[in-house]
Protein chains: 2
Amino acid sequence: MAKKRVTLADVARLAGVSQTAASFVLSGRREDMRISADVEARVLHAVRVLDYRPNAVSRSLRTGTTHTIGLVSDTISTAPFAGHLIWGALDAAREHGYLLFIAESEGDPELEQELVQAMVDRQVDGIVLASMYTRALLPPKSLGERPSILLNAVPARPKPIVSVVPDEIEGGRTAARALLEAGHREGIGLIGVGPGRTRTDSLAAIERFQGIEEVFTAEGIDIAAAVGCDDWQPHHGWEATHRLLREVRELSALICFNDRLALGAYQALADAGLRVPDDVSVVSFDDDIYATWVRPPLTTVALPHYELGRTAVELLLKEIRGERRPAPGRYRIRMPLRERGSIRPRFHPA
Amino acid sequence: MAKKRVTLADVARLAGVSQTAASFVLSGRREDMRISADVEARVLHAVRVLDYRPNAVSRSLRTGTTHTIGLVSDTISTAPFAGHLIWGALDAAREHGYLLFIAESEGDPELEQELVQAMVDRQVDGIVLASMYTRALLPPKSLGERPSILLNAVPARPKPIVSVVPDEIEGGRTAARALLEAGHREGIGLIGVGPGRTRTDSLAAIERFQGIEEVFTAEGIDIAAAVGCDDWQPHHGWEATHRLLREVRELSALICFNDRLALGAYQALADAGLRVPDDVSVVSFDDDIYATWVRPPLTTVALPHYELGRTAVELLLKEIRGERRPAPGRYRIRMPLRERGSIRPRFHPA
DNA sequence: TTGTATGCGTTATCAT
DNA sequence: ATGATAACGCATACAA
């Protein structure tokens, strides 16, 4: 348990060489330094015998680099898909030999600042500031002290920083096109965004709507009705759908602004004796895990969480290494359509 | 951007005192060392002026402690509730001024060993080895080099190590009692564990069953039928329930071994024209997020993820600090019953 | 009460 | 080709 630490000096001693020689062998630079093959072998042998592992802390103090990245997020617990964001970041980091400090600010700016500071104190090479739902935020000032990047967020005030976000506008277009290609041109309803209640801090709401509207307008299609929601939980979807049903005589298709709303919508449609997709087609956003569990399985425009996390870390690493530093601005990640069973083709008489 | 690092020496210089004095002031030990109030004030002032922050790497090299804990888990991405495990761990760590390295082994023992090693190299003060579903595992050998703890897992071979696990046996009892107290004594079915197919690597399966059986046996109640499942996803629950319905004439209550199975069971019961809870009561395990979304909301025995994570870190910190080192063995965390709407009281004629 | 000197484990410079 | 030696930033035993 209290095993004595073995240091480079121990290795050198056992190998009968200078510590310098041992160091060079281990950093693989024996070519430059013209270390004899014999010495190299003795060092390598000693390393194996002693089971030597370099002390990264000491190395960091000397080199000024920790091979460590800090990731602080507002929430990682309540979002079921949050794991995939982290996963992508973790994978990318590991592939480059980096480890991740992870922390959660719970949306508290003060705590966020504190956590970023704790990471900076530990000399992380860079920082990822992440949000679980896409939004604008004010980066804490400590961010400036290290290379850093915004993940699933954009700076509230213009700043020369890299942001990685889902391409929500194109995602909106994708949802609209999915309906269009199935022949839906009338009786299209929206729930999640509409007159009155709209979550204005959510970029997703704004940009998804923008994409949807753009496609429909270009085709001369009118949205039959749209109902906003205070929040995007299943019961909001249920209420909104019931309201929608009162406004629209012949609902043919329904765009839900996320899968949770869609879950409530499924229920409300069933209440009204409407079948999905035979009577009403449904398309949604996010690709939450339960999208495959409901019946029929939900066709949805996926939030590319894994890719977001991975891309953020890769861009950050580029900046850290100084090779081809990425230009500040938004990097938009494509939102793929997951075609499942909730859209039914609808043919019109010629 | 390339701001020059400010060191303790800078602070001492500006304050016009020795580095030692500055150091003592900052470690708050000026009482012991009888540093003058004047010196203290000058140091504190210099710290503020220079915006000095101690270099944790350097401090670690000197003190041998990093205030850092490593958490490596087999999966954190595919389990929707995984976040809560992490959350509890994160909270406990932060409260004590520790930061967490987090990594994911994807169930690959080689990678797991590698990640643990990477953390040990960085001189973490302790390691949490976590699993997302409760199981037995072989701790990688590098674990022995640091204080460490198993989270949601137990050692496959007896080892003097602390394990934090849900109290699945008591959880099983809780589920059984919930049914009992609602008056269910006949027509009780089980899905998830049964003759033939059972996931034997899952402690949850074994212990939940053990608890259930214990309670029913004590009451002289026979389980009407049990159907095992290869895995515990919704469609397995759907199939199992259909099979069960063929075996049992009058199904009165159904115990599902997790919420996903229950989801499938809901569907299958609906297919058979059975209503929950009017015709069949359902009780389940885990308390996944969607347990509140289904109709009726699911009564379920919760997996205490937050508490698990928090407890693991707290015990580990006790060990690290050497104060009252926790005894090796299993620490069982209570699984609370979340009473919702899927159990209906059933009254028997006296 | 305050200052000087040393060591933590590496890396890297400079003579040899 | 190899071996002293300094330096990274901090904490602390010891001297003053």
Side-chain angles (χ1 to χ4, degrees), chain A residues 2-43 46-47 50-68 120-125 145, chain B residues 3-44 46-47 50-68 120-125 145:
Chain A
K3 253 199 296 199
K4 226 186 57 197
R5 298 237 90 70
V6 29
T7 75
L8 187 56
D10 298 325
V11 171
R13 201 174 312 122
L14 179 62
V17 303
S18 76
Q19 189 172 316
T20 312
S23 177
F24 281 138
V25 169
L26 293 183
S27 24
R29 301 193 305 166
R30 65 164 271 257
E31 290 302 324
D32 315 343
M33 293 299 123
R34 279 173 296 185
I35 303 266
S36 71
D38 174 54
V39 163
E40 178 185 35
R42 297 218 304 276
V43 169
V47 164
L50 297 176
D51 194 24
Y52 167 75
R53 298 246 93 208
N55 180 329
V57 169
S58 171
R59 175 178 287 174
S60 293
L61 178 59
R62 185 59 234 244
T63 63
T65 173
T66 53
H67 279 251
T68 291
V120 170
D121 287 349
R122 284 171 176 77
Q123 312 296 119
V124 295
D125 294 335
E145 300 183 24
Chain B
K3 253 198 297 197
K4 224 185 60 196
R5 295 237 94 70
V6 28
T7 77
L8 187 56
D10 297 324
V11 171
R13 201 174 311 125
L14 179 62
V17 304
S18 77
Q19 188 172 319
T20 311
S23 177
F24 281 138
V25 169
L26 292 184
S27 19
R29 300 193 305 164
R30 67 164 268 260
E31 291 303 324
D32 313 344
M33 293 297 125
R34 281 175 293 185
I35 303 266
S36 71
D38 174 53
V39 165
E40 179 184 33
R42 297 218 306 277
V43 170
L44 260 24
V47 163
L50 298 176
D51 195 24
Y52 167 75
R53 296 247 94 209
N55 180 329
V57 168
S58 170
R59 177 179 285 174
S60 294
L61 179 59
R62 181 61 231 249
T63 63
T65 173
T66 53
H67 279 250
T68 290
V120 170
D121 288 350
R122 284 171 176 77
Q123 312 298 118
V124 294
D125 294 335
E145 299 182 25

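Per chain, numbering begins at 1; letters A, B, ... match sequence-line order.
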Whole angstrom is fine here: how far is it from [atom1] in [X] over to [atom2] in [N]?
X: His67(B); N: dA11(D); atom1: NE2; atom2: C1'; result: 14 Å
X: Asp38(A); N: dA1(D); atom1: CG; atom2: P; result: 14 Å
X: Arg42(A); N: dT2(D); atom1: CZ; atom2: P; result: 8 Å

Donor-acceptor contact present, side-chain [X] to main-chain [Y], <3.5 Å:
X: Arg122(A); Y: Ala56(B); answer: no
X: Asp125(B); Y: His67(B); answer: yes
X: Thr66(A); Y: Ser60(A); answer: no
X: Ser23(B); Y: Gln19(B); answer: no

Inset, instruction - For the pair Asn55(A) and Thr7(A), evaluate side chain to side chain contact (heavy atoms under 4.5 Å, CB included) and give the outcome as yes or no after the intermediate values. - result: CA-CA 8 Å; Asn55(A) 180 329; Thr7(A) 75; over 6 Å; no
Inset, instruction - Please name the pair of heavy atoms, one in Val120(B) and one in Glu145(B), separated by the smallest distance, quoted to 0.1 Å. - result: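 Heavy-atom minimum between the residues: CG1-OE1, 3.5 Å.
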Filtered N/O pairs between nucleotides 8-11 of chain C and protein, under 3.5 Å:
unit_1	atom_1	unit_2	atom_2	d
dG9(C)	O4'	Ser58(A)	OG	3.3
dG9(C)	N3	Ser58(A)	OG	2.5
dT10(C)	OP1	Tyr52(A)	OH	2.8
dT10(C)	OP1	Asn55(A)	N	3.0
dT10(C)	OP2	Leu8(A)	N	2.6
dT10(C)	O5'	Tyr52(A)	OH	3.2
dT10(C)	O4'	Ser58(A)	OG	2.7
dT11(C)	OP1	Arg59(A)	NE	2.8
dT11(C)	OP1	Arg59(A)	NH2	3.1
dT11(C)	OP2	Ser23(A)	OG	3.3
dT11(C)	O2	Arg62(A)	NH1	2.1

Inset, instruction - Just call it for Val57(B): base, sugar-phosphate, or nothing, with non-hydrogen atoms closer than 4.0 Å on any strand. - result: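 The residue Val57(B) makes no contact with any strand.
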Inset, instruction - Give one of base, sugar-phosphate or nothing for Val17(A), where a contact means two heavy atoms less than 4.0 Å apart. - result: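 Counting heavy atoms under 4.0 Å across all strands, the contact made by Val17(A) is with sugar-phosphate only.
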